[in-house]
Amino acid sequence: QLQASGGGLVQAGGSLRLSCAAPGRTFSRSHMGWFRQAPGKEREFVAAISRSGGSTVYADSVKGRFTISRDNAKNTVNLQMDSLKPEDTAVYYCAANPRAILTSSPSSDPTSYDYWGQGTQVTVSS
């Protein structure tokens, strides 16, 4: 249901913008999140945004460098990644939590998310 795009190869210090499209009915009632998984490592939380877009949460490792946003008219969530580092190299997944309560904050717990995209590879060279 979720379609992620925008990954690629970039040099350290560069930028990439990931996008994730979701069906309208799912997207409108969902908190949306981005997670990543590097080779040999567990999937980890990157960023999340509430249904309204009014609340965002970031992992400490990306705070100040990454920005999550959503376009509720286009049913997309974006992840702007700046000042990329080699340690940001991973497969990035978008996820949707359609059980989200409107006034709640988005979760960093992957078990809160019911729908996942197929992943998009981000490689940062040193």
Check your understanding: Do V122 and M81 pass the side-chain contact (heavy atoms from CB on, under 4.5 Å) test, and can you show the C-alpha distance, the side-chain angles, and the key distance before you say yes or no?
Key -> CA-CA 10 Å; V122 171; M81 305 186 295; 3.8 Å; yes
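- S50 places no side-chain N or O within donor-acceptor distance of the main-chain N or O of S105, the cut-off being under 3.5 Å.
- For CG of L9, the number of neighbouring non-hydrogen atoms (other residues, nucleotides, ligands) closer than 6.0 Å is greater than 12.
- Judged by distance alone, the side chain of R70 and the main-chain N or O of F27 form a donor-acceptor pair under 3.5 Å.
- Here the shortest heavy-atom pairing between W116 and Y113 reads NE1-O, 3.3 Å.
- At most 12 heavy atoms of other shown residues, nucleotides or ligands fall within 6.0 angstrom of atom NZ in K41.
- Annotation: side chain of I49 is not in contact with side chain of P106 (no heavy-atom distance under 4.5 Å).
- Rounding to the nearest 0.5 Å places CG of L79 at 7.5 Å from OH of Y92.
- No hydrogens or angles considered: a donor-acceptor pair under 3.5 Å links the side chains of T111 and D109.
- Salt-bridge check for D60 with K63: passed, with a basic side-chain N closer than 4.0 Å to an acidic carboxylate O.
- For the 3.5 Å distance criterion, the side chains of Q80 and D82 qualify, holding a donor opposite an acceptor.
- Neither F35 nor M32 shares a network with the other; the hydrophobic side chains, linked directly or stepwise wherever heavy atoms of I, L, V, M, F, W or Y lie under 4.5 Å apart, form separate groups for each.
- Nearest heavy atom pair, residue A47 against residue Y58, reads CB-CD2, 3.7 Å.
- Closest of all the heavy-atom pairs between A96 and T26 is CB-CG2, 4.2 Å.
- Here the straight-line distance linking atom CD of Q1 with atom SG of C20 works out to 10.5 Å at 0.5 Å rounding.
- Between the side chain of Y93 and the main chain of A4, no donor-acceptor pair closer than 3.5 Å is present.
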Exercise for review: Show the numbers, then the answer: is there a side-chain contact (heavy atoms from CB on, under 4.5 Å) between V62 and R36?
Suggested key: CA-CA 12 Å; V62 307; R36 67 187 182 186; 4.0 Å; yes
Practice item. Take F66 and L84 through the test side-chain contact (heavy atoms from CB on, under 4.5 Å) and record every step on the way to the result. Key: CA-CA 9 Å; F66 291 10; L84 282 162; 3.8 Å; yes
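- Taken from CG in N72 to OG in S52, the straight-line distance is 8.0 Å, to the nearest 0.5 Å.
- The main-chain N or O of G24 is found under 3.5 Å from a side-chain atom of S28 such that the two form a donor-acceptor pair.
- The minimum heavy-atom distance between P98 and Y115, with the atom names listed, is CG-CE1, 3.6 Å.
- Under a hydrophobic clustering in which Ile, Leu, Val, Met, Phe, Trp and Tyr are joined whenever their side-chain heavy atoms come within less than 4.5 Å, directly or via other members, V10 and W34 fall into the same cluster.
- Shown here is R17, whose CZ atom has more than 12 heavy atoms of other residues, nucleotides or ligands within 6.0 Å.
- Under a hydrophobic-cluster definition in which Ile, Leu, Val, Met, Phe, Trp and Tyr are linked whenever side-chain heavy atoms come within less than 4.5 Å, directly or via other members, V77 and F45 are assigned to different clusters.
- The minimum heavy-atom distance between L2 and A22, with the atom names listed, is CD2-CB, 3.3 Å.
- Atoms CZ and CZ, on R29 and R99 in that order, are 10.5 Å from each other to the nearest 0.5 Å.
- With R65 contributing its side chain and S83 its backbone, the two residues share a donor-acceptor pair below 3.5 Å.
- Counting only distance, with no hydrogens or angles, the side chain of H31 and the backbone of S112 share no donor-acceptor pair below 3.5 Å.
- In this structure, CG in N78 is found 9.0 Å from CD1 in I68, a value given to the nearest 0.5 Å.
- For the atom pair S126 OG and Q11 CD, the distance stands at 9.5 Å (nearest 0.5 Å).
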Point to revise | Residue pair S5, Q3: steps toward the side-chain hydrogen bond (donor to acceptor under 3.5 Å, both in side chains) verdict | key: CA-CA 7 Å; S5 61; Q3 193 75 23; over 6 Å; no
